[in-house]
Amino acid sequence: MTTFEDPAVPSEPPRVAPWNNPSVRAWVYQVVVMGLVLALAVYLINNTLTNLSERSIRTGFGFLDREAGFRMGESIIPIEPSNSYGRAILAGFLNTLKVAILGIILCTVVGVVIGIARLSRNWLVQKLATVYVETLRNIPILLQLFFWYAIITGTFPNSQEAWKPLPGVFISKSGILHAVPVADPAHLWIGIALLVGIIATVFYGRWVRRQQQETGRRPPLLGPALGLIVGLPFLVFLGFGAPLAWDLPVMGRFRFTGGQEITPEFLALWIGLGLYTAAFVAEVVRGGILAVDWGQTEAAGALGLRRGLVLRLVVLPQALRVIIPPTTNQYLNLTKNSSLAVAVGYPELTSVTDTTLNQTGQAVECIAIMMAIYLAISLSISGGMNLYNRAVQIPDRR
Amino acid sequence: MNKLASILAGAAVATMAVVSTANAGAVLNAIKQKDFIQCGVNTGLAGFGIPDSQGNWTGLDVDFCRALAAAVLGDSKKVKFTPLSAPQRFTALQSGEIDVLSRNTTITLTRDASLGLHGAGVWYYDGQGFMVPKKLNVKSAKELKDAEICVQSGTTTELNLSDYFRANNMTFKPVVFATLDEFKTAYFNERCQAMTTDASSLAALRAADARNPEDHVILPEIISKEPLGPMVRRGDDEWFAIVKWVLNTALEAEEYGITQANVDSMKASTNPNVARIIANRDEMGVKLGLSPEWGYNMIKQVGNYGEIFERNVGTSTKLKLDRGLNAQWSKGGIMYGTPAR
Ligand SMILES: N[C@@H](CCC(=O)N[C@@H](CS)C(=O)NCC(=O)O)C(=O)O
């Protein structure tokens with residue numbers, strides 16, 4: 001709203017009483033509502049504090065610095081019982097992030113495949129995809145988590161009789177343990193070489209496309225790309241004298257230790273969340289593809305594009321616009337559902353905070369921390385997805 | 001999510017509550033008005049608190065609630081039970097959802113001081129132990145280095161476990177479950193090489209939940225003190241006193257030999273200690289705000305401590321627990337009822 005002076009109209013507004021002036025009124029309403037909300041908040045907080053202290057229930061966030069004392073089953077960062085509650089909660093938070101991110105990847109991959117399969121002309125493929133969606137979507141996620149956990153702990157062998165599908169890989173009730181290279185300074189440089197290779201490939205790819213457009217001749221892409229992405233890191237590896245020491249899982253009295261482990265708790269949660277959410281993503285993908293006008297496919301066909309290319313170059317890019325907002329919802333659901341992990345013993349945020357709550361007795365604080373963290377994760381996911389959504393929208397050509 | 005809901009409900013109640021907790025006797029008045037006691041118990045631990053298929057509850061902790069109802073309302077059946085998992089129980093008590101918590105709960109300083117609760121006395125002296133499958137051939141907890149150990153969250157056991165391994169310079173890997181069901185299923189599925197909780201609970205799980213009880217052994221080490229007893233929330237001293245004295249009177253009744261069977265004939269006893277408990281001598285019940293028959297009703301309907309113990313967890317039950325520490329002080333145990341006089 002811009003205001004400007006029109007010389008033809010007298011600038012003097014008609015005089016009205018302030019209580020009849022709509023903008024004054026609007027302000028007053030806002031202030032009153034705001035005041036009421038604040039007063040309610042102050043009242044609730046005050047009341048909570050009074051009630052808590054009347055019941056001799058301790059309050060405050062000081063406990064975050066105190067020693068936690070309990071051990072965690074798995075963590076991405078090093079954690080010991082002598083660390084603080086704050087660090088334990090951080091470790092739980094990272095475990096939540098881990099299962100959420102890997103779960104999102106799993107549900108996206110499976111969801112897109114199943115969604116496209118639902119539209120397949122192949123009867124069997126289409127029916128299988130339908131059965132998948134209808135089954136997984138309609139069974140409560142908690143039951144599915146129990147199911148996967150029971151499958152793993154029920155059918156996998158004891159550590160003594162672990163399956164060895166590959167050298168250095170052991171599968172048992174204690175999870176999947178596999179060998180990892182022993183940490184070596186070369187790793188950092190190999191990583192850097194890989195990064196350099198990828199970036200160089202991107203630039204090279206652009207140059208190739210420009211060449212093709214300008215000269216009509218397409219320089220080779222695959223060979224040089226492989227050379228950059230695989231060859232370069234390999235050269236660095238050789239340059240460091242090919243350090244190849246492996247940290248192997250070894251059998252102890254009860255189970256394997258060493259190497260890298262994927263616990264049954266994580267596995268059950270990841271598979272459970274990923275496959276369950278994939279059913280919803282599949283429906284979103286199917287809806288998105290169906291939303292693209294059939295004329296687009298026909299037009300692309302008329303131009304002589306093959307079916308696969310039609311899907312990849314014409315349909316999917318347009319479908320993405322429709323797909324992204326509801327998929328964001330599914331990602332958020334997956335993240336929030338990860339709090340069901342307590343059922344299968346995976347030490348994520350809820351589980352660790354519950355233990356903290358039990359040991360300190362500070363329920364209000366612990367729940368507040370938990371809510372704030374979930375809110376932050378959710379806002380970050382939807383923020384990121386909004387950015388992506390904006391990037392894939394069809395630019396307005398009007 | 002059940003648990004989160006109950007915690008939130010607790011927080012909400014703490015937020016909204018306008019009841020004055022300082023109001024003496026409020027809990028007793030409310031109980032008399034509604035004519036039953038709401039008692040928090042275990043979700044299903046044989047011998048301590050477990051419902052059968054008809055919803056009839058039995059157990060040592062359950063019988064404490066019955067004794068309380070008999071003493072307070074004259075009828076041991078006037079109890080309603082709220083099954084509570086370990087993480088839920090304190091919120092239920094704090095928020096007023098239950099009147100008393102009688103659920104294999106350890107009395108600790110933190111629970112008294114930070115949670116605003118009061119332990120009313122010890123109903124079972126316990127300690128934390130380990131159970132392992134016999135085939136692993138483990139003889140001592142000291143051999144459990146690097147083992148995966150199943151444990152339930154929201155208990156004292158999680159912290160004791162870490163403390164014990166730290167003190168013995170051993171590592172281990174906890175697998176933590178929020179409910180009893182998942183905790184025991186994981187252990188019996190051999191997800192863990194050991195399970196840890198109160199030794200009495202181990203005996204109960206072995207007897208009632210193992211496919212074959214002989215396949216499991218409870219290791220000799222007891223790594224903590226777990227005095228289990230009923231709890232009330234702070235702020236109502238009258239109610240606290242009633243719970244405390246019902247407990248102690250059940251102990252004293254055993255000491256003086258008053259049983260369910262002989263309580264009627266004992267009414268005429270000349271022993272003043274007996275008369276104080278069951279014949280209204282010196283009006284003990286009235287001092288607590290109870291009827292003169294409180295002690296008589298309690299013993300007639302539920303029995304003395306020894307009877308309650310034997311019926312639920314004693315050597316003739318499948319738990320086969322000895323009295324051990326829980327024998328009367330005069331019989332080598334440490335159960336010592338403070339005098340009702
Ligand atoms: N005495 C300990 C442990 C009590 C406890 O909760 N034990 C578990 C393991 S046997 C239990 O009874 N769980 C039953 C449930 O959560 O439903 C405490 O007070 O923290």
Side-chain angles (χ1 to χ4, degrees), chain A residues 44-45 47-48 51-58 63 68-74 80-82 142 146 149-150 152-154 156 158-159 173-174 252-255 257 261 263-265 339-347 350-352 354-355 357-364 366-368 370, chain B residues 1 3-4 7-8 10-11 13-18 20-22 86-87 90-91 94 110-117 136 138 143-148 150 153-155 158-159 161-163 165-166 171-179 182-183 185-186 189-194 233-235:
Chain A
L44 286 180
I45 292 173
N47 205 349
T48 308
N51 276 317
L52 288 175
S53 76
E54 232 169 52
R55 291 159 190 225
S56 330
I57 298 174
R58 193 155 50 175
F63 70 93
F70 62 90
R71 181 173 280 283
M72 278 174 66
E74 60 187 291
E80 283 300 318
S82 54
L142 190 58
F146 285 141
Y149 195 55
I152 294 174
T153 52
F156 285 17
N158 285 323
S159 293
K173 284 189 204 293
S174 298
R253 164 113 195 241
F254 300 112
R255 63 184 178 110
T257 50
E261 82 177 332
T263 62
E265 291 72 35
S339 64
L340 295 173
V342 281
V344 292
Y346 177 67
T350 311
S351 160
V352 177
D354 275 351
T355 298
L357 189 163
N358 171 248
Q359 280 177 201
T360 60
Q362 296 189 265
V364 177
C366 287
I367 299 284
M370 208 147 67
Chain B
M1 282 297 82
K3 172 182 32 159
L4 188 61
I7 290 169
L8 284 177
V13 170
T15 310
M16 303 295 184
V18 257
S20 165
T21 47
F90 300 118
T91 318
Q94 287 168 338
T110 308
R111 288 173 178 176
D112 263 18
S114 297
L115 296 182
L117 306 177
L136 288 181
V138 173
E143 297 171 35
L144 288 176
K145 181 175 169 308
D146 277 339
E148 289 167 308
C150 282
S153 67
T155 62
E158 220 180 328
L159 195 57
L161 176 66
S162 290
D163 287 352
F165 276 77
R166 264 167 100 178
T171 55
F172 73 104
K173 192 178 147 189
V175 189
V176 185
F177 298 90
T179 70
E182 291 131 25
F183 165 59
T185 310
N189 269 343
E190 302 186 6
R191 167 65 188 96
C192 307
Q193 293 89 47
R233 64 187 159 274
R234 285 198 190 187

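A, B, ... follow the sequence lines: proteins, then strands. Residue 1 opens every chain.
Phe70(A) and Ser162(B) make their closest contact through CA-OG, 3.4 Å (heavy atoms, listed as atom of the first residue, atom of the second, distance). Taking both residues in full, the closest heavy atoms of Glu143(B) and Phe254(A) are given as O-CE1, 3.3 Å, listed atom of the first, atom of the second, then distance. Nearest heavy atoms, Glu182(B) versus Val342(A): OE1-O, 4.2 Å. Listed here is the closest heavy atom pair of Leu136(B) and Arg253(A): O-NH2, 3.3 Å. Looking at every heavy atom in both residues, Thr360(A) comes nearest to Ser114(B) through O-CB, 3.7 Å.
Looking at Phe177(B), both its backbone and its side chain come within 4.5 Å of chain A, counting heavy atoms on both sides. Only the side chain of Phe146(A) has a heavy atom closer than 4.5 Å to any heavy atom of chain B. Proximity to chain A (any heavy atom under 4.5 Å) is restricted, for Gln193(B), to the side chain, taken from C-beta onward. In this structure, chain B has a heavy atom under 4.5 Å from the backbone of Ala68(A), while its side chain stays farther away. Contact annotation for Phe172(B): both backbone and side-chain heavy atoms come within less than 4.5 Å of a heavy atom of chain A. Heavy-atom distances place both the backbone and the side chain of Gln359(A) under 4.5 Å from chain B. Proximity to chain A is limited to the backbone of Thr155(B), based on heavy atoms less than 4.5 angstrom apart. In this structure, chain A has a heavy atom under 4.5 Å from the side chain of Thr110(B), while its backbone stays farther away. The contact between Arg71(A) and chain B is made by backbone and side chain atoms together, counting heavy-atom distances below 4.5 Å. With a 4.5 angstrom heavy-atom cutoff, Leu161(B) does not touch chain A via any of its atoms.
With Ser174(A) as the partner, the side-chain hydrogen bond (donor to acceptor under 3.5 Å, both in side chains) test is satisfied by one option alone out of Glu148(B), Glu190(B), Lys173(B): Glu148(B).
Highest contact tally toward chain B, considering only Pro347(A), Pro264(A), Cys366(A), is held by Pro264(A) [criterion: heavy-atom pairs under 4.5 Å]. Between chain A and the residues Glu158(B), Lys145(B), Arg111(B), the largest count of heavy-atom pairs under 4.5 Å involves Glu158(B). Interface remark: of the candidates Thr185(B), Thr171(B), Leu144(B), Leu144(B) forms the most heavy-atom pairs closer than 4.5 Å to chain A.
Arg166(B) pairs by the side-chain contact (heavy atoms from CB on, under 4.5 Å) definition with Glu67(A), Pro81(A), Ser82(A), Asp163(B), not counting sequence neighbours. Take Cys150(B) and apply the disulfide bond (SG atoms under 2.5 Å apart) test, not counting sequence neighbours, and it matches Cys192(B).
Distance check, rounded to the nearest 0.5 Å: OG1 of Thr91(B) to CG of Leu357(A) gives 6.5 Å.
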